[in-house]
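Hydrogens, waters and symmetry mates play no part in the numbers below; they use all other heavy atoms, side chains included. Along the sequence shown, residues carry numbers from 1. Note that ligands are numbered from 1 as they come in the structure, with each ligand's atoms numbered from 1 the same way.
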Amino acid sequence: MRHWIGIAAMLLLMCALAATSHAQPHKVIFDTDFGLPPTDDGWALALALGSPELEILGVTTVAGNFSVERATAEVLKMLELSSREELPVYQGADMPLVHAPSDFARGEYGEWYSGDPPPMPAGGFASKSAESISAMDFMVRTVLDAPGEVTLVAIGPLTNVAMAIRQHPRFASSVKQLVIMGGAIAQLPDGHGNVTPNAEFNFWVDPEAARSVLRAGIPTMLSPLNVSRKTGLTRQWYEAIVARDTPITRLARERLGPRYAANPGRSDLMYDQVAVASLIDPTLVTTQEMFVDVDALHGINYGVSVGGDEPWPGAEGAPRVQVQYDLDWDRFIRMFVERVSR
Ligand code: BDR
Ligand code: CA
């Protein structure tokens with residue numbers, strides 16, 4: 001009898017331990033080409049800040065949607081508005097590894113090449129500054145201090161991550177997981193590009209970085225345009241967000257309100273928000289394992305991601321990654337609205 005009580009007590013303890021370890025938040029480095037909401041990176045950070053499943057260790061900035069200086073200024077402002085100034089911010093790369101600005105780039109969306117000083121965010125610059133070490137140094141130090149524990153959420157061009165991989169030979173093998181918003185997979189539905197016919201913005205801004213990061217052997221979850229195209233932030237959901245009054249929803253009201261008033265049928269795709277949500281709750285997305293590679297040759301497919309069920313000539317070394325292609329929209333948008341307006 002005593003024997004069975006002992007076994008039962010041990011089983012209970014094991015269940016309790018399993019439940020506790022399951023409840024441990026993901027330790028996250030949040031790498032972003034940030035802009036305040038309603039930019040998708042801004043919404044994605046609002047979602048992360050409102051999610052107890054994530055423990056943000058630091059926010060790192062990279063040139064992409066805007067210059068890296070502007071990204072840093074706006075992250076600092078976001079954290080101040082959210083009363084989360086304790087989170088450190090590290091500035092990263094101000095240019096892609098190789099890609100040089102061109103007339104085409106300047107005519108497209110995104111200001112990664114801009115040398116202009118950052119405009120003052122609404123309400124003024126934050127009183128806190130970025131930390132003195134670089135985004136790449138922070139990534140390497142943090143990951144090597146806790147091998148196998150840190151997840152990188154990368155929702156801008158992959159320049160910082162590629163540089164961190166180059167910086168230390170054990171960095172890539174010490175990252176727990178990489179969640180990337182990037183790419184568009186023509187092999188799956190809705191897989192056309194958004195900058196060139198087949199290239200997605202984050203991968204196109206820094207194709208060499210995207211290629212080397214994918215090939216680094218880190219377990220990777222890819223959130224490409226295919227899954228972003230299952231979303232649409234319409235007026236109904238905007239109104240649900242701004243129904244609560246917080247500094248972030250006020251900002252959204254100021255900036256988005258006039259746009260919905262001018263165009264009530266407006267619907268915005270949600271990119272980076274899906275990547276973050278998929279880490280919080282992986283059951284929100286449907287994935288397929290594929291070999292994925294990025295074209296970094298300077299031709300018509302520069303920056304294009306290609307996914308295949310089998311390896312193919314020229315893509316030797318392409319890794320297998322989890323590719324998101326569908327989403328439980330209803331559960332996702334309800335979680336998003338509730339958490340960004342907390
Ligand atoms: C990606 O490009 C950026 O403009 C967005 O923030 C998102 O990360 C979508 O192609
Ligand atoms: Ca982004």
Side-chain angles (χ1 to χ4, degrees), residues 28-48 59-68 70-75 78 89 91-94 96 99 105-114 135 152-161 178-186 188 190-207 209-210 213-214 220-233 252 255-256 267-279 292 294 302-305 323-325 327 336 340:
V28 161
I29 297 177
F30 195 93
D31 189 57
T32 168
D33 55 337
F34 196 80
L36 282 162
T39 304
D40 61 330
D41 295 73
W43 282 133
L45 183 56
L47 175 60
V59 182
T60 54
T61 58
V62 66
N65 288 321
F66 307 107
S67 71
V68 73
R70 177 165 173 184
T72 304
E74 299 209 2
V75 170
M78 174 89 183
V89 177
Q91 185 160 297
D94 63 354
H99 196 171
R106 289 180 205 282
E108 293 298 310
Y109 170 77
E111 293 174 17
W112 44 278
Y113 44 78
S114 169
L152 301 182
V153 175
I155 56 174
L158 288 164
T159 323
N160 290 344
V161 184
L178 185 53
V179 181
I180 297 173
M181 191 287 132
I185 305 296
L188 297 172
D190 295 321
H192 52 285
N194 60 359
V195 182
T196 71
N198 287 323
E200 177 279 334
F201 180 80
N202 288 338
F203 279 15
W204 178 80
V205 170
D206 200 336
V213 169
L214 285 181
T220 296
M221 170 68 87
L222 190 66
S223 194
L225 291 179
N226 307 67
V227 70
S228 317
R229 292 190 170 117
K230 306 294 179 200
T231 65
L233 189 64
R255 299 172 122 200
L256 266 181
S267 175
D268 292 326
L269 291 183
M270 302 169 80
Y271 307 101
D272 300 338
Q273 302 94 319
V274 173
V276 171
S278 71
L279 180 61
V292 177
V294 179
Y302 192 48
V304 170
S305 47
V323 180
Q324 300 173 4
Y325 65 92
L327 172 79
F336 175 77
V340 300

Seminar exercise, completed: Contact region, D272 to ligand 1, non-hydrogen atoms below 4.0 Å, reads side chain
For this session: Indicate if the distance from the Ca ion (ligand 2) to the nearest N, O or S atom of D40 falls below 3.0 Å.
Result: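 Looking at D40, which is the residue asked about, there is no N, O or S atom under 3.0 Å from the Ca ion (ligand 2).
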For this session: Using 3.0 Å as a strict upper limit, say whether an N, O or S atom of I155 approaches the Ca ion (ligand 2) that closely.
Result: yes
Exercise. Closest heavy-atom contact between Q273 and D40?
Worked result: OE1-CB, 3.3 Å
Problem set entry | D33 OD1 and D272 OD2 subtending at the Ca ion (ligand 2) (10° steps) | 140°
Could you state the interatomic distance from [atom1] ([X]) to [atom2] ([Y]), rounded to the nearest 0.5 Å?
| X | Y | atom1 | atom2 | answer |
| --- | --- | --- | --- | --- |
| S305 | N202 | OG | CG | 11.0 Å |
| I185 | D190 | CD1 | CG | 12.5 Å |
| I180 | M221 | CD1 | CE | 11.0 Å |

Check: [X] N/O within less than 3.5 Å of ligand 1 N/O:
| X | answer |
| --- | --- |
| D33 | no |
| M181 | no |
| N65 | yes |

Problem set entry | Nearest-neighbour protein heavy atom for atom 2 (O) of ligand 1, which is reported as residue plus atom name and distance | F201 CD2, 3.2 Å
Problem set entry | For atom 9 (C) of ligand 1, closest protein heavy-atom neighbour | E200 OE2, 3.2 Å
I'd like to check which ligand 1 atoms, numbered from 1 as shown, lie under 4.0 Å from a non-hydrogen atom of [X].
| X | result |
| --- | --- |
| Y109 | 4 (O) |
| N194 | 9 (C), 10 (O) |
| N202 | 1 (C), 2 (O), 3 (C), 7 (C), 8 (O) |
| I155 | 8 (O) |

For this session: Could you tell me whether the side chain of D272 reaches within less than 4.5 Å of the side chain of T32, counting heavy atoms only?
Result: no
Exercise. Would you say F30 and I155 make side-chain contact, with heavy atoms under 4.5 Å?
Worked result: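 Result yes, sub-4.5 Å side-chain heavy-atom pair found.
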For this session: From atom 7 (C) of ligand 1, work out which of L225, V195, D40, D41 has a heavy atom at the shortest distance.
Result: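 The nearest heavy atom belongs to D40.
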Exercise. Short question: side chain of E111, backbone of F66 - any donor-acceptor pair under 3.5 Å?
Worked result: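 A pair under 3.5 Å: no.
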For this session: Spell out, as yes or no, whether a donor-acceptor pair under 3.5 Å connects the side chain of R70 to the backbone of G35.
Result: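 No, the answer is negative, given that no donor and acceptor are paired below the 3.5 Å cut-off.
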Exercise. Should Y271 and D41 be marked as a side-chain hydrogen bond (donor to acceptor under 3.5 Å, both in side chains) after you check the CA-CA gap, both sets of side-chain angles, and the distance that decides it?
Worked result: CA-CA 8 Å; Y271 307 101; D41 295 73; over 6 Å; no
